[in-house]
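Structure first, then comments.
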Amino acid sequence: GRKLAGKSCRDEVVAALGVLRVRTGTQVFTVREVYAEMVAAGTGYAESTVFKTMQRMKEASKRPPTVQLERAEPDGFRIIDACADR
């Protein structure tokens, strides 16, 4: 049989950002914070993959989830897309 595709790294980053926003009430997150949340949720992605994914998320996405990030402060990223709450 065919194996169903799991969540993409982008999907997991978006989920982690949502959890962190609710828990911390802040809008700026480091790769390390996002990765730690993903590890707690059971991710199989490496921290370097999360970093690369978050870098790519600075560009507008052509597919859901349409969350877009921007650099904030020296180490952080901020969500700039209103669709992030989905």
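One-based numbering along the sequence shown.
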F77 vs M57 side-chain heavy atoms within contact, under 4.5 Å: no
Does the side chain of I80 reach to within under 4.5 Å of the side chain of L69, using non-hydrogen atoms? no
Among the clusters formed by ILVMFWY side chains lying less than 4.5 Å apart, do M54 and V28 turn up in the same one? no
Less than 4.5 Å apart, any side-chain heavy atom of R56 and any of S61? no
Considering residues, nucleotides and ligands other than K52, do more than 12 of their heavy atoms fall under 6.0 Å from its NZ? no
Test item: R10 side-chain N/O and V67 main-chain N/O as donor-acceptor pair under 3.5 Å: yes
Within a strict 4.5 Å, meaning less than it, do heavy atoms of the T30 and E33 side chains meet? yes
V34 vs V50, side-chain contact (heavy atoms from CB on, under 4.5 Å): CA-CA, chis, key distance, verdict: CA-CA 8 Å; V34 173; V50 174; 4.2 Å; yes
Return the SG to CE distance between C9 and M38, rounded to the nearest 0.5 Å. 4.0 Å
Check: T26 and R21 side chains under 4.5 Å, non-hydrogen atoms: no
If you compare all heavy atoms of Q68 against all heavy atoms of E59, which two are closest, and at what distance to 0.1 Å? NE2-C, 3.9 Å
Cation over ring face, R78 and F29, 6.0 Å, 45°: no
Going by the rule side chain to side chain donor-acceptor pair (under 3.5 Å), which residues pair with D11 if we only count those two or more places apart in sequence or in a different chain? S8
Contact check, side chains of Q55 and R71, non-hydrogen atoms, under 4.5 Å: yes
Is V39 linked to V13 within one hydrophobic cluster, defined over Ile, Leu, Val, Met, Phe, Trp and Tyr using a side-chain heavy-atom separation of less than 4.5 Å? yes
Look only at the side chain of T49 and the backbone of Y45, and say whether a donor-acceptor pair between them is shorter than 3.5 Å. no
